[in-house]
Novice: 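Take this structure first; my questions come after.
Note that the structure is a prediction, hence the values are computed from the model and not measured. Just follow the structure's listing: the first ligand is 1, and inside any ligand the first atom is 1.
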Amino acid sequence: MTIQTHKRTCSLCEATCGIEIEFNPATEEILSIKGDKDDPFSQGYICPKATALQDLHEDPDRVTTPMLKTESGWQPIGWTQALDIAAKRFAEIQAKHGKDAIGSYLGNPNVHNYGNLLFGPLLLRALGSKNKFSATSVDQLPHHMASLHMLGHQLLLPIPDIDRTDFMIIMGANPLASNGSLMTAPDFRGRIRAIQKRGGRVLVIDPRRTETAKVADEHWFIRPGQDLVLLLAILNIWTNEQRDELPTLPDYVESLDLASLCAGFTPDIAAKATGIDESNIRQLAKQWLAAPSAVCYARMGLSVQQYGGLCQWLVNVLNIVSGNFDRPGGVMFTKPAIDLPAILAARGGRGHFDRYRSRVRKLPEFGGEFPVAVMAEEILTGGQGQIRGMLTVAGNPIISTPNSDQLNRAFESLDFMVSIDYFINETTRHADLILPPCGPLERDHYDLIFNTFAVRNVAKYAPALFDKPKGGKEDWEILLGLAKRLNRGSLKTRLQTSLTYAVMNWLKPVGILKVLLKRGPYQLALKTLIETPEGLDLGALESSMPNRLFTKNKKLSLTPKVFVDELQRLRTALLAPQSDDSLLIGRRHVRSNNSWLHNSRRLTKGPRRDRLLLNPVDAERLGIAEGDTVKVTSRVATLTVQAEPCDSMMLGVVSLPHGWGHDEDGVQLAQARQAGGVNTNRLTDDHYLDELTGNAALNGVSVTITRVA
Ligand SMILES: Nc1nc2c(c(=O)[nH]1)N[C@H]1C(S)=C(S)[C@@H](COP(=O)(O)OP(=O)(O)OC[C@H]3O[C@@H](n4cnc5c(=O)[nH]c(N)nc54)[C@H](O)[C@@H]3O)O[C@H]1N2
Ligand SMILES: Nc1nc2c(c(=O)[nH]1)N[C@H]1C(S)=C(S)[C@@H](COP(=O)(O)OP(=O)(O)OC[C@H]3O[C@@H](n4cnc5c(=O)[nH]c(N)nc54)[C@H](O)[C@@H]3O)O[C@H]1N2
Ligand code: SF4
Ligand SMILES: [Mo]
């Protein structure tokens, strides 16, 4: 037996770790998956999820041929027939009810799959429906909103220069479990240690003393949803008490008077709202300005809450005003080998907001998508433009988006649904047709998105490890197959579109990649990447402003009108005393990944993880002991779970992980069902939003807890 090794990137999360897979080419058996020490970026680091790539490859529950739902259950059918049925039914529904009658949801794994990124838009264009949804609006709209209005491009995100900073302030992120997000940085623990080793400090501000808080130098609890008041108070201290210490803003920054923006948000008011000592707030303001370099990094806890948009704007404001913008140790910008923001901008795609609104609740579009929080109502509310058919691609919105019970009812009521996915899960069980792509090791890989968000400039390409099974299709082939069949319009349009499809089909994702790399900032040959399977390091982030701005006047707007107006609108509510309801927040575990990978035994073994964490003082007040069954009730549903009092929770805050709840009828995930777990998004509320951006507020949901006798 000759054993071979194959190098690639783990495609399961944003950290993009290099892995080395030992395998037997004769049998296609995987013998081991290890961290690749030669990968210049991850240097051998991996987390326990990497080995799940093998479990996924071998999973007996993985669907491998198209499946049609019939009266006698799921029937395997051929690809041509499957694609024909899907396109025919979509076209029929659209002919009868208009183009918007077909909705789509693109889930998180699309951004880890460059074939989907390149070919998905073709299918969405062919469908031509305004009812487009994705995981972006349960995740990161606030970041895109801030970038669009401040920097002129929704994809140009400021990246914390973690490897050179002296002071890192982490708000609402738990990279020790999540491995980081919108900041691609493999081995977060190692990078935090390096900050401490060079004499720097890390402060974590989070309602839970997280795994990350435990390795930081300091941790402060904060009342969920009150981060905005804290950020305003810091700005208030700077503009009132430390004005002389503030560095001059660069010429390219345009700003309204900052002191009046944050007037009234005094440290004592912020202390009351957040639960953080006033002296700590003052100390933070001082140390932030005094540090040789400092960076505030804020993620899910600040993006996916009621004031997400304002929070991410103010994080940028503080990083800029403190003199930590576009310089080592602060926030910086990547120069990726394929410069996505520049490519999109050249085609007019810098992003847009509120060009049109959703039919029922009139929420604004963002970048051509509606907030997923309105998806169910667009299906359930009758009238012209109602969604009657759905397409889901690599997503499980029943588990991942707010008010799952309502969405279950909505999907149940559809005339027709198609899911492009490997598994029959809580979402795809509603489909009439499942179109399964081949597995992640049976396709090639390049990180189009995450190289754009990385803390170093890197590039790496891996070919497929195994040939796809005979008759199998990659995602892009399925997407293109459907798009071709939906090619409609005048003869001329159809011919032009057919030509585009033919060229794309001939090039395949790798051909497009080759062109994009060659035309990119480093003019890389794909061959170079193929000959460097461990990946290329293209250097540390470099200062790039104001050239990197995409605004027409090449100015950075520190105080865009959308944010200033929203702050004015909310000022009174923000300054008023807050309710003392129990607030529900989320939590991630290093051996889980959103709603999937739960069919891997090695990732799910051990005690159930869906316990409701709460502070022991709250537990005592409610008469709840360790292991007691409790009811958690929100505006939309009630869940029954076991409670676990623990002092890592802030008083008045409870926590449940998301991604679980695989026990619905028809779900064919044996191991995941056995592992159990409740779906926390039955409790989250489709009407609880960041009203500015439309992003769902999945953190800080008001709930009541009662002990079940
Ligand atoms: N309460 C709460 N809810 C949350 C969150 C939270 O913090 N709290 N987080 C939110 C966030 S940030 C996100 S991104 C969403 C994620 O939620 P979703 O967008 O639903 O994404 P996943 O759960 O990752 O979906 C995985 C699905 O994609 C399939 N899949 C995996 N890889 C591929 C592939 O290459 N091709 C195809 N066709 N299918 C594939 C899997 O089988 C699975 O069905 O959840 C959100 N939901
Ligand atoms: N193992 C694992 N890794 C993952 C994922 C996964 O499901 N599992 N998902 C991936 C995805 S899609 C994403 S988007 C990233 C997310 O990456 P992170 O943002 O790091 O993920 P979370 O663990 O949700 O961290 C959010 C933190 O915010 C805190 N929090 C909640 N509400 C508030 C608040 O109001 N204020 C403050 N200050 N903090 C608050 C929570 O306690 C939690 O510690 O992780 C990615 N990586
Ligand atoms: S942190 Fe884990 S899941 Fe994420 S890329 Fe690295 S090995 Fe894969
Ligand atoms: Mo996400």
Side-chain angles (χ1 to χ4, degrees), residues 8-19 33-36 39 41-42 44-53 107-109 111-112 134-140 143 169-189 204-213 219-228 230-231 274 276 297-308 311 315 400 440 447 450 583-598 603 609 613 648-650 653-660 697-701:
R8 67 190 293 113
T9 306
C10 171
S11 54
L12 294 174
C13 91
E14 299 181 35
T16 71
C17 302
I19 53 174
I33 299 182
K34 296 196 184 102
D36 180 4
D39 183 305
F41 195 27
S42 60
Y45 173 84
I46 49 166
C47 87
K49 284 188 294 302
T51 51
L53 283 167
N108 169 279
V111 290
H112 297 271
S134 81
T136 306
S137 53
V138 274
D139 185 342
Q140 61 196 59
H143 297 259
I169 304 142
I170 302 179
M171 298 181 74
N174 185 15
L176 254 75
S178 71
N179 281 294
S181 178
L182 304 185
M183 176 191 53
T184 288
D187 189 13
F188 207 85
R189 185 193 294 263
V204 169
I205 304 178
D206 196 299
R208 181 167 80 91
R209 192 176 314 112
T210 59
E211 295 76 0
T212 307
H219 165 247
W220 302 342
F221 283 130
I222 186 165
R223 176 92 175 145
Q226 296 307 313
D227 306 82
L228 178 59
L230 174 65
L231 297 167
T274 57
I276 299 171
Y297 166 65
R299 231 356 227 123
M300 289 296 286
L302 273 77
S303 331
V304 185
Q305 57 135 293
Q306 61 179 334
Y307 304 129
C311 279
V315 166
S400 312
D447 273 295
F450 299 108
L583 299 181
L584 173 70
I585 61 169
R587 131 175 135 248
R588 283 175 158 80
H589 190 286
V590 74
R591 281 188 289 115
S592 171
N593 197 23
N594 293 326
S595 75
W596 69 306
L597 299 186
H598 297 162
L603 291 190
R609 298 187 201 135
L613 302 186
S648 65
M649 291 305 298
M650 186 182 191
V653 186
V654 299
S655 157
L656 269 181
H658 79 284
W660 299 89
L698 305 174
N699 287 303
V701 178

Novice: Is there a donor in the side chain of Gln140 and an acceptor in the side chain of Ser303, or the other way round, less than 3.5 Å apart?
Specialist: no
Novice: Consider every N or O of Asn174 and every N or O of ligand 2, then say whether any pair is closer than 3.5 Å.
Specialist: yes
Novice: Would you check if Arg588 and Met300 make a side-chain contact, meaning some heavy-atom pair closer than 4.5 Å?
Specialist: yes
Novice: Please check whether Gly225 reaches ligand 2 - meaning an N/O of the residue sits under 3.5 Å from an N/O of the ligand, judged on distance alone.
Specialist: yes
Novice: For ligand 2, indicate whether the residue Ala177 contacts it via side chain, backbone, both or neither (heavy-atom separation under 4.0 Å).
Specialist: backbone
Novice: Is the closest side-chain heavy-atom distance between Tyr297 and Leu302 below 4.5 Å?
Specialist: no
Novice: For Asp139 and Arg299, what are the C-alpha separation, side-chain angles and deciding distance, and is it a salt bridge (charged side-chain N to carboxylate O under 4.0 Å, His left out)?
Specialist: CA-CA 9 Å; Asp139 185 342; Arg299 231 356 227 123; 2.3 Å; yes
Novice: From Cys17, does some N, O or S atom reach closer than 2.8 Å to atom 6 (Fe) of ligand 3?
Specialist: yes
Novice: Does Ser592 reach ligand 2 with a nitrogen or oxygen that is under 3.5 Å from one of the ligand's nitrogen or oxygen atoms?
Specialist: yes
Novice: Under a 4.0 Å heavy-atom limit, does Leu302 contact ligand 2 with its side chain, its backbone, both, or neither?
Specialist: side chain
Novice: Check each atom of ligand 3 against the heavy atoms of Cys10 and keep those under 4.0 Å away; list them by number with element.
Specialist: 3 (S), 5 (S), 7 (S), 8 (Fe)
Novice: If you measure every N or O of Asn594 against every N or O of ligand 2, does any of those distances drop under 3.5 Å?
Specialist: yes
Novice: Tell me which one of Arg588, Glu211, Met650 gets a heavy atom nearest to atom 5 (C) of ligand 2.
Specialist: Arg588
Novice: Out of all atoms in ligand 2, which are within 4.0 Å of some heavy atom of Asn108? Include the element for each.
Specialist: 12 (S)
Novice: For Pro207, is at least one N or O under 3.5 Å away from an N or O on ligand 2?
Specialist: no
Novice: Is ligand 2 under 4.0 Å from a heavy atom in the side chain of Val590, in the backbone, in both, or in neither?
Specialist: backbone
Novice: For ligand 2, which is the ligand I care about here, please tell me if Asp206 has any N or O atom under 3.5 Å from one of the ligand's N or O atoms.
Specialist: yes
Novice: Does His589 reach ligand 2 with a nitrogen or oxygen that is under 3.5 Å from one of the ligand's nitrogen or oxygen atoms?
Specialist: yes
Novice: Between Thr51 and Ile33 (side chain of the first, backbone of the second, donor and acceptor by atom type, cut-off under 3.5 Å), is there such a pair?
Specialist: no
Novice: Ligand 3 versus Thr16, non-hydrogen atoms closer than 4.0 Å: side chain, backbone, both, neither?
Specialist: backbone
Novice: Under 3.5 Å between some N or O of ligand 2 and some N or O of Ser178?
Specialist: yes
Novice: Regarding atom 34 (C) of ligand 2: of the candidates Pro48, Gly301, Pro175, Ala298, which has the closest heavy atom?
Specialist: Gly301
Novice: I want to know if ligand 2 touches Ile205 in the polar sense, i.e. an N/O pair below 3.5 angstrom.
Specialist: yes
Novice: Below 3.5 angstrom, do we get any N/O pair linking Asp227 and ligand 2?
Specialist: yes
Novice: Using a 4.0 Å heavy-atom cut-off, say whether Pro224 meets ligand 2 through its side chain, its backbone, both or neither.
Specialist: both
Novice: With a 4.5 Å cut-off on side-chain heavy atoms, are Met650 and Leu583 touching?
Specialist: no
Novice: Using distance alone, with no hydrogens and no angle criterion, decide if Ser655 and Arg208 have a side-chain donor and acceptor under 3.5 Å apart.
Specialist: no
